[in-house]
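Each chain gets a letter, A, B and so on, in the order its sequence line appears, and its residues count up from 1.
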Amino acid sequence: MRRRPGRAIVAAPGGFLHLSLLASLRRRPSLQAHAQLLLLGLPLPPAAASRLLRPHLRAGHPLASLRLFLRMIRDHQASPTSATASREQETVPNSHSLSAALAACSRHESPFPGFCIHAFLLKSGFTYDIFAANSLLHFYASFGLHSLARNLFDEMPLRDTVSFNTLIDSYVQSGCIDSAFGMFRNMVKGGFQLDGWTITALLGACAELRDLMVAKAAHGFARRASRQKLFNSEEVVIGIVDMYVKCGAVQLARKVFDLSEEKAKNVRVWSVVLSGYARAGEMDEAQRLFNEMPNKDLVAWTVLIGGYVQAGRYNEALQLFEEMEATGLEADEVTVVTVLSACVQRGAIDLAKRLHCLVNQNGLISKNARVATSFVHIYAKHGCIKTAMDVFHGVADELKTVELFNSMIHGLSHNGYGEKAISLFDEMESLGLYPDGTTFVGVLCACSRSCLVMQGYKMFNSMLDKYGVKPDIKHYGCMVDLLGRAGRIDDAYSFIQNMPFKANHVIWSSLLTACKIHGNNKIRKLVENQILALDTTYKPEKLTLSGLFSDKKRKEVAARVRKAIRHKSEQRHTR
DNA sequence: GAGGCAGTGA
């Protein structure tokens with residue numbers, strides 16, 4: 001019976017065909033993919049399509065939903081609906097299918113399909129209703145295209161609470177808190193009904209201000225709004241708790257949590273409080289709360305593991321991960337990245353390898369650039385450059401990110417494969433990815449380690465001119481290192497003198513090392529004097545620096561450095 | 001039939 005719907009389709013006519021198919025799909029969702037194949041090549045009426053789009057969205061397949069919608073557009077362009085066509089025979093997309101397709105666009109990795117739909121709507125003169133318009137608004141907001149969202153909002157003939165909520169939230173997400181409050185004022189002035197979403201968006205705005213007084217005022221506002229029955233109080237509990245956590249007031253967050261009704265205490269709220277303790281470094285309290293949690297989900301485990309990592313308690317983080325695995329929960333990308341950061345700190349390469357097997361099985365490593373980036377980092381750090389390269393190449397080109405390239409370029413550079421690192425830079429460019437500041441640190445390091453002076457200069461000079469990346473002190477430091485390693489001590493010294501920044505301890509110590517290696521005593525003396533004259537606010541580094549004066553002759557200078565630090569430190573304490 | 005709120009790093 002599995003293939004029955006297929007046979008029915010061959011015999012059934014037009015619009016009825018799709019609807020009867022859809023009716024059978026509702027009973028047998030597993031047949032959706034098969035049904036799609038059968039629909040291929042047939043004109044797709046929107047009444048049928050819009051019912052197919054949402055199941056795809058709900059199943060987490062926005063792309064499938066989008067493909068269907070784009071087919072509808074193509075069908076419509078091929079045979080526009082006649083004036084006498086019935087509702088089931090219409091080929092023009094309607095507001096149902098539009099809102100579903102735009103929701104898919106919001107979840108898509110590129111804004112391009114959404115642009116196409118908007119362009120199609122403008123071109124076809126389709127007048128979209130409030131649902132479609134709000135979906136389009138959300139699409140622009142979800143890609144951070146706030147000015148386009150605002151333009152659309154201004155042009156919308158009709159707005160409602162959802163339109164305002166979407167725009168306010170978009171402003172909050174982009175950190176434009178003043179605009180969010182401004183929009184809220186307009187909403188109130190316009191007499192629009194506030195709801196739980198409005199209040200939650202406002203709480204989010206207040207959270208971004210990181211101001212406890214504002215947070216308390218917002219809490220009071222939310223309570224008053226709740227008393228006026230604008231929403232159910234449990235709707236906004238998570239917003240209030242999250243706001244207090246972001247303002248660093250975990251105790252207040254806990255109090256709200258403890259006093260809230262049981263139905264408001266969903267697993268998300270538990271995790272927010274948990275993350276508050278983790279952020280505050282109160283890991284014992286976090287652990288106690290975690291133990292009390294009735295349903296520990298993956299996020300809660302990850303929050304706790306991340307908290308232990310942040311607190312530097314790596315062994316506990318790793319142990320917790322093993323406990324999590326024992327419960328049968330499968331790590332996702334965030335968990336893997338969090339655990340890997342503990343592995344990096346602890347040198348736990350064996351656990352990293354075990355994780356590697358795990359993510360190999362579920363395909364996470366090749367599908368997720370973040371996960372791959374973390375693996376490349378740990379393998380390269382442990383000198384396993386071949387494995388790091390395998391991980392890197394296992395990711396499809398279209399999924400590769402600047403961060404993944406950066407990790408690989410740094411790994412190659414630190415393992416002495418300077419030229420390979422530079423060729424990777426070219427590969428990155430050919431894929432249309434733009435290098436950032438981190439990329440250039442890696443590439444300049446690669447030039448430095450491989451003594452590619454001319455190449456280094458070329459890269460350094462191209463940063464601003466070609467890529468619009470302004471060199472910062474780290475890039476200048478790389479250049480000093482490059483010149484120093486190549487024995488061009490005088491050039492390095494004059495490079496430092498022409499820098500737009502004052503050289504820091506890292507740059508001077510790099511040159512000092514080069515002076516020692518290349519036996520340039522003249523510059524060495526100058527550098528030592530510069531180090532002595534440095535501001536000593538970096539006390540630990542200065543003490544480390546003095547370790548550079550390791551040979552017997554320089555012990556005296558080392559003692560002077562330490563003395564100068566002590567003296568300045570005492571001066572600061574007596575002030 | 002539209003909109004979200006919790007966890008990750010180099």
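Judged by distance alone with a 3.5 Å cut-off, a donor-acceptor contact links the side chain of A:T335 to the base of B:dG7. The base of B:dG4 has none of its N or O atoms less than 3.5 Å from a complementary donor or acceptor on the side chain of A:N165.
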All N/O donor-acceptor pairs, side-chain side in residues 248-255 of chain A, below 3.5 Å, sequence neighbours left out:
unit_1 : atom_1 : unit_2 : atom_2 : d
A:R254 : NE     : A:D258 : OD1    : 3.2
A:R254 : NE     : A:D258 : OD2    : 3.4
A:R254 : NH1    : A:Y277 : OH     : 3.1

Under 3.5 Å, side-chain donor or acceptor atoms of residues 433-440 of chain A against the rest of the protein: list the pairs with distances, not counting sequence neighbours.
unit_1 : atom_1 : unit_2 : atom_2 : d
A:D436 : OD1    : A:N406 : ND2    : 3.1
A:D436 : OD1    : A:T438 : N      : 3.1
A:D436 : OD1    : A:T439 : N      : 3.0
A:D436 : OD1    : A:T439 : OG1    : 2.8
A:T439 : OG1    : A:N406 : OD1    : 2.6
A:T439 : OG1    : A:D436 : N      : 2.9
A:T439 : OG1    : A:D436 : O      : 3.3

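Contacts between residues 294-307 of chain A and DNA chain B, defined by a heavy-atom separation below 4.0 Å, involve A:D297, A:L298, A:V299, A:T302, A:V303, listed by number. Listed in residue order, the members of residues 338-346 of chain A having a heavy atom less than 4.0 Å from DNA chain B are A:T338, A:S341. Within residues 363-377 of chain A, the residues that place at least one heavy atom under 4.0 Å from DNA chain B are, in residue-number order, A:R370, A:T373, A:H377. DNA chain B is contacted by A:D242, A:K246 of residues 239-249 of chain A, taking any non-hydrogen atom closer than 4.0 Å.
Taking the 5.5 Å centre cut-off and the 30° plane limit, the aromatic side chain of A:W197 is classed as stacked on B:dG3.
Rounded to a whole Å, the CZ atom of A:F131 is 8 Å from the P atom of B:dA2. One can place CZ of A:F405 at 15 Å from C1' of B:dA10, the figure rounded to the nearest angstrom. What separates CG of A:D160 from C1' of B:dA2 is a distance of 8 Å, to the nearest Å.
For A:Y171, the ring-ring contact (aromatic ring centres under 6.0 Å, His included) test picks out no residue, with sequence neighbours left out. Every residue was checked against the side-chain hydrogen bond (donor to acceptor under 3.5 Å, both in side chains) condition with A:T166, not counting sequence neighbours, and none meets it. Scored by the side-chain contact (heavy atoms from CB on, under 4.5 Å) test, A:K400 finds A:F392, A:V395, A:D397, A:L404, A:F405, A:L431 as partners (sequence neighbours excluded). Scanning for side-chain hydrogen bond (donor to acceptor under 3.5 Å, both in side chains) contacts around A:T373 gives an empty result, with sequence neighbours left out. Applying the salt bridge (Lys or Arg N to Asp or Glu O under 4.0 Å) test to A:E322 and every residue at least two apart in sequence or in another chain returns A:R354.
Every pair passing ring-ring contact (aromatic ring centres under 6.0 Å, His included) that includes a residue from residues 298-330 of chain A is listed here, sequence neighbours excluded: A:F290-A:W301.
Between A:D154 and A:R150 a salt bridge is recorded (basic side-chain N to carboxylate O distance below 4.0 Å).
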